[in-house]
Number of protein chains: 2
Amino acid sequence: MKWDDLADQPCSIARSVAVIGDRWTLMILRDAFLGVRRFEAFQTRLGISRTIITERLKLLVDEGVLAKVPYQDRPVRHEYRLTQKGLDLYPVVMAIVHWGDQHYAGQAGAPLLHRHKACGCDFAPVMTCSECHAPVGAREVETRAGPGAA
Amino acid sequence: MKWDDLADQPCSIARSVAVIGDRWTLMILRDAFLGVRRFEAFQTRLGISRTIITERLKLLVDEGVLAKVPYQDRPVRHEYRLTQKGLDLYPVVMAIVHWGDQHYAGQAGAPLLHRHKACGCDFAPVMTCSECHAPVGAREVETRAGPGAA
DNA sequence: GATGGTTCGTCCAGAAACTGAACTTAGGTG
DNA sequence: CACCTAAGTTCAGTTTCTGGACGAACCATC
């Protein structure tokens with residue numbers, strides 16, 4: 001299997017991973033959620049090749065995760081903003097952050113804190129069931145083929 | 001920045017991405033959550049180079065995400081099982097699945113359904129606040145530096 | 001005891017991806 | 001005019017990934 005074949009698999013993970021499943025794309029998304037919007041800012045913060053920034057931003061724009069919008073004319077300059085589809089990735093990003101906090105935070109603690117504006121508390125993301133609203137763990141779920149299976 | 005430098009960043013995303021942020025690693029984890037345990041099974045299901053399977057499984061074992069346990073002697077054969085640290089990745093995997101279901105499922109619907117044993121319903125994962133238990137969206141969160149910041 | 005099968009790898013040459021550094025474009029500043 | 005910014009593009013050299021062959025250790029069958 002090649003990278004490009006992933007998008008054609010009858011699997012939501014494969015199709016998502018085809019878009020976001022690469023080191024730099026995930027780092028770009030992290031920065032996007034932290035408010036970074038400009039090419040130069042992504043490049044400076046990540047310290048990676050401009051080629052890769054160009055390529056990954058283009059992929060994310062093509063997939064509708066980011067939108068490229070001009071913020072000035074003469075010369076025209078663009079910034080990259082998360083679309084709704086991009087914002088929908090927030091649970092993915094937070095789940096990754098939380099796993100890192102759990103298993104890779106030093107004794108100093110988490111590098112970032114997240115405050116839920118509605119209740120005012122620093123929080124951790126908890127995955128719950130959309131039907132009964134209880135927290136869900138890996139062993140409490142049965143997986144089976146759905147209507148979109150091969 | 002090089003790939004190996006990611007693990008040293010004061011950022012839980014970077015540290016997690018250093019372990020799981022690569023296409024094939026995420027696909028291996030998907031299969032692991034679906035019950036796949038053996039080298040040959042991973043290789044056959046993914047159809048990728050055996051070299052990569054070897055390398056990724058080794059990384060995941062070194063990181064404590066998978067455990068390599070013998071299931072027979074003469075000849076000794078191992079299988080790869082999710083550890084607790086690996087099971088802790090379930091919210092990450094489910095968040096990715098859900099995003100794929102939302103944005104890449106065809107008209108046929110989701111390729112896989114997930115039933116919550118406790119309530120018996122097929123469900124979607126919902127990210128909620130650990131403190132007030134309400135669902136949380138990207139715009140309802142303020143992020144700031146924590147104790148483990150650089 | 002020779003042949004073939006299973007499982008879990010290793011090795012290698014060629015292809016693809018990534019890197020750093022220089023260059024381009026289109027304008028703005030002093 | 002010389003220098004600066006933002007957003008890329010181009011390119012040679014390096015690293016990583018790929019498919020396919022090969023190896024090791026055992027089992028089954030004839």
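As a basis for the values below, the full set of heavy atoms in this structure was taken, side chains included, without hydrogen atoms, waters or symmetry mates. Proteins come first, then strands; the chains are lettered A, B, ... in the order of their sequence lines, and each starts at number 1.
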Worksheet, complete the sentence: Taken in chain and number order and not counting sequence neighbours, the residues that satisfy side-chain contact (heavy atoms from CB on, under 4.5 Å) with A145(B) are A149(B)
Less than 3.5 Å apart, which donor and acceptor atoms pair up between the side chains of residues 57-67 of chain B and the rest of the protein, not counting sequence neighbours?
unit_1 : atom_1 : unit_2  : atom_2 : d
K58(B) : NZ     : D62(B)  : OD2    : 3.0
E63(B) : OE1    : Y104(A) : OH     : 2.5

Discussion item. According to salt bridge (Lys or Arg N to Asp or Glu O under 4.0 Å), who are the partners of R45(B), at least two apart in sequence or on a separate chain?
Written reply: D31(B)
Practice prompt. Could you pull out the closest heavy-atom pair between L113(A) and G146(B), with the gap in Å?
Written response: CG-CA, 3.7 Å
Discussion item. Strictly by salt bridge (charged side-chain N to carboxylate O under 4.0 Å, His left out), give each pair with a member in residues 9-26 of chain B just once, sequence neighbours left out.
Written reply: D22(B)-R56(B)
Worksheet entry | Smallest separation among heavy atoms of A32(B) and F42(B), with atom names | N-CE2, 4.0 Å
Worksheet entry | Any residue meeting side-chain hydrogen bond (donor to acceptor under 3.5 Å, both in side chains) with E55(B), in chain and number order, not counting sequence neighbours | none
Response to the item:
Taken to the nearest 0.5 Å, the spacing of I52(A) CD1 from W24(A) CH2 works out to 9.0 Å
Discussion item. For DNA chain C, which residues of residues 40-65 of chain B approach it to below 4.0 angstrom with any heavy atom?
Written reply: E40(B), R50(B), T51(B), T54(B)
Please report, to 0.1 Å, the donor-acceptor pairs under 3.5 Å made by any side chain of residues 88-100 of chain A, with sequence neighbours excluded.
unit_1 : atom_1 : unit_2  : atom_2 : d
D88(A) : OD1    : Q84(A)  : NE2    : 3.0
D88(A) : OD2    : H103(B) : NE2    : 2.7
W99(A) : NE1    : K85(B)  : O      : 3.0

Response to the item:
Residue pair P75(B)/R37(A) against DNA chain D: nearer the 5' end by closest nucleotide is R37(A)
Under 3.5 Å, which donor-acceptor pairs do the side chains of residues 121-137 of chain B form with other protein atoms, sequence neighbours left out?
unit_1  : atom_1 : unit_2  : atom_2 : d
D122(B) : OD1    : R144(A) : NH1    : 2.8
D122(B) : OD2    : R144(A) : NH2    : 2.9
T128(B) : OG1    : V126(A) : O      : 3.1
S130(B) : OG     : A124(A) : N      : 2.8
S130(B) : OG     : A124(A) : O      : 3.3

Response to the item:
The first and last nucleotides of DNA chain D lying within contact of chain B, meaning any atom under 4.0 Å from one of its heavy atoms, run from dC17(D) to dC27(D)
Worksheet item: If you take all heavy atoms of H78(B) and Y71(B), which pair is closest and at what distance?
Response: O-CE2, 3.2 Å
Item to complete: Enumerate the residues from residues 23-32 of chain A whose closest heavy atom to DNA chain C is under 4.0 Å, giving them by residue number; use none for an empty result.
Response: W24(A)
Discussion item. According to salt bridge (Lys or Arg N to Asp or Glu O under 4.0 Å), who are the partners of R38(A), at least two apart in sequence or on a separate chain?
Written reply: none
Fill in: chain B contact limits on DNA chain C, taken 5' to 3' with a cut-off of 4.0 angstrom to heavy atoms
dT6(C) to dT19(C)
